[in-house]
There are 2 protein chains.
Amino acid sequence: MVNKEKDKSTEEKILDAARKVFVQKGLDGARMQDIADEAGINKALLHYYFRTKDKLFEMIFLETVGKIFPRFEMILLSDMDFFDKIRQIVSSYIEVIIHNPYLPLFVLNEMNKNPEFGIVDFFKVQRPVVIHRFMEDIEKEVSKGTIKAVSPAHLLVNMMSMCIFPFVAKPVINIMLDLDELQFRNMMEQRKRVVAEFIIESIKN
Amino acid sequence: MVNKEKDKSTEEKILDAARKVFVQKGLDGARMQDIADEAGINKALLHYYFRTKDKLFEMIFLETVGKIFPRFEMILLSDMDFFDKIRQIVSSYIEVIIHNPYLPLFVLNEMNKNPEFGIVDFFKVQRPVVIHRFMEDIEKEVSKGTIKAVSPAHLLVNMMSMCIFPFVAKPVINIMLDLDELQFRNMMEQRKRVVAEFIIESIKN
DNA sequence: GTCTATATTCAGATAGAC
DNA sequence: GTCTATCTGAATATAGAC
């Protein structure tokens with residue numbers, strides 16, 4: 001019906017606004033008024049659609065976490081050549097974050113400060129599959145002699161670190177290296193290649 | 001005089017408490033009441049010593065930033081063998097963070113959310129010296145043929161990423177790899193060696 | 001310098017008209 | 001469903017006694 005579409009439209013406006021504000025300011029920093037302004041409505045309507053601030057936040061938070069990780073896992077689970085897999089995952093992961101630069105800090109922050117928001121469950125479902133597959137890959141390559149006997153856990157952490165951290169530390173990096181916005185962006189584009197080759201150089205036999 | 005020491009004692013109690021609370025909860029999340037409780041005094045006294053919450057926060061924040069970076073720079077500026085320098089800096093940097101695990105997220109957070117708090121000036125003084133020296137080192141090694149022609153900027157970012165990020169992402173890592181507190185701690189101890197060798201393997205000729 | 005009590009401000013949440 | 005107006009609670013900040 002007509003009402004249905006209007007409903008969805010308003011709800012969507014709220015979700016869009018909440019996403020933007022929460023991701024920038026976090027749970028504590030965000031104001032319901034900010035979200036209402038951003039959505040072009042008033043506070044009362046926010047509470048009409050989502051009873052409390054926490055409820056609204058949890059919706060955005062889970063959606064956000066769900067957006068980041070599946071792509072990571074999809075590539076890890078594919079069956080392409082191991083080095084290409086590394087190139088793919090690094091490149092596409094950095095690409096995602098380039099277009100959502102505030103997401104990582106947002107997720108890390110809220111996972112540290114609000115461990116209760118049910119993310120734990122979210123991870124525990126898919127985790128074992130991915131990690132297991134990644135370890136299998138590495139063992140296969142080791143026995144083929146294409147790579148050294150590296151620790152899968154450390155390799156995974158190194159990869160994640162080099163992809164994600166620069167965005168989290170953007171202000172520090174820009175000051176230390178004296179970069180402006182465009183130069184930072186260019187550096188991140190370079191990293192799609194640089195990081196992958198850095199890893200491959202380190203582990204290849 | 002006796003008064004002087006009493007003053008200093010109370011002020012120090014406040015600073016200790018503020019450090020603890022701010023580092024755990026950030027500027028927004030921290031409550032003056034929390035700090036007062038932690039210090040064993042009442043709110044009014046906080047405002048007597050430091051007029052506002054922001055003033056108190058800025059004090060802690062600058063102190064914190066100042067605590068993290070000098071060690072980084074001291075080693076970079078020393079004149080030991082390049083590979084040993086990498087081993088030293090990785091190891092001692094991870095060591096610092098092991099004993100102050102909340103500092104990185106705190107600093108990164110507040111630099112992203114409150115760029116005004118005068119850190120910019122803090123960095124701009126020392127930055128050029130360190131970066132310049134680090135680039136010199138790399139060029140020297142490249143011309144000696146001991147390492148490949150790598151980008152100093154990317155190398156520096158990679159090093160920082162692999163040292164710092166795991167602590168920021170601790171909840172994620174613990175879930176993904178199914179670690180408990182002790183296992184995480186052990187993994188970080190391992191990383192003092194692992195990360196340095198990972199880097200050296202990648203860049204050595 | 002340190003406290004208790006209070007003022008002020010602000011954000012989340014609700015009531016009720018339309 | 002959407003708005004205006006209002007309540008309630010919490011947190012920063014101040015006044016004033018000791």
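A note on names: the letters A, B, ... follow the listed sequences, proteins ahead of strands, and every chain is numbered from 1. Please read all numbers here as calculations on a predicted model, not as lab measurements.
- Take A:Asp137 and apply the salt bridge (Lys or Arg N to Asp or Glu O under 4.0 Å) test, not counting sequence neighbours, and it matches A:Lys85, A:Arg133.
- When the side chain to side chain contact (heavy atoms under 4.5 Å, CB included) test is applied to B:Asn186, the partners found at least two apart in sequence or on another chain are B:Leu182.
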Query raised in the report: When every nucleotide of nucleotides 3-16 of chain C is labelled 5' to 3' by its protein contacts under 4.0 Å (heavy atoms), B for base, S for sugar-phosphate only, - for none, what sequence of letters results?
Result: BB------SBBBB-
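- For A:Glu95, the side-chain hydrogen bond (donor to acceptor under 3.5 Å, both in side chains) criterion is met by A:His99, A:Lys192, not counting sequence neighbours.
- When rounded to the nearest whole Å, the span between NZ of A:Lys13 and P of D:dG1 equals 13 Å.
- Note on residues 24-45 of chain B: no pairs pass ring pair (Phe, Tyr, Trp, His ring centres under 6.0 Å), not counting sequence neighbours.
- Scored by the side chain to side chain contact (heavy atoms under 4.5 Å, CB included) test, A:Asp81 finds A:Phe83, A:Asp84 as partners (sequence neighbours excluded).
- The interatomic distance linking A:Glu12 (CD) with D:dG1 (C1') rounds to 17 Å, in whole Å.
- Proximity of B:Thr10 to the phosphate of C:dG1: no side-chain N or O atom is located under 4.0 Å from OP1 or OP2.
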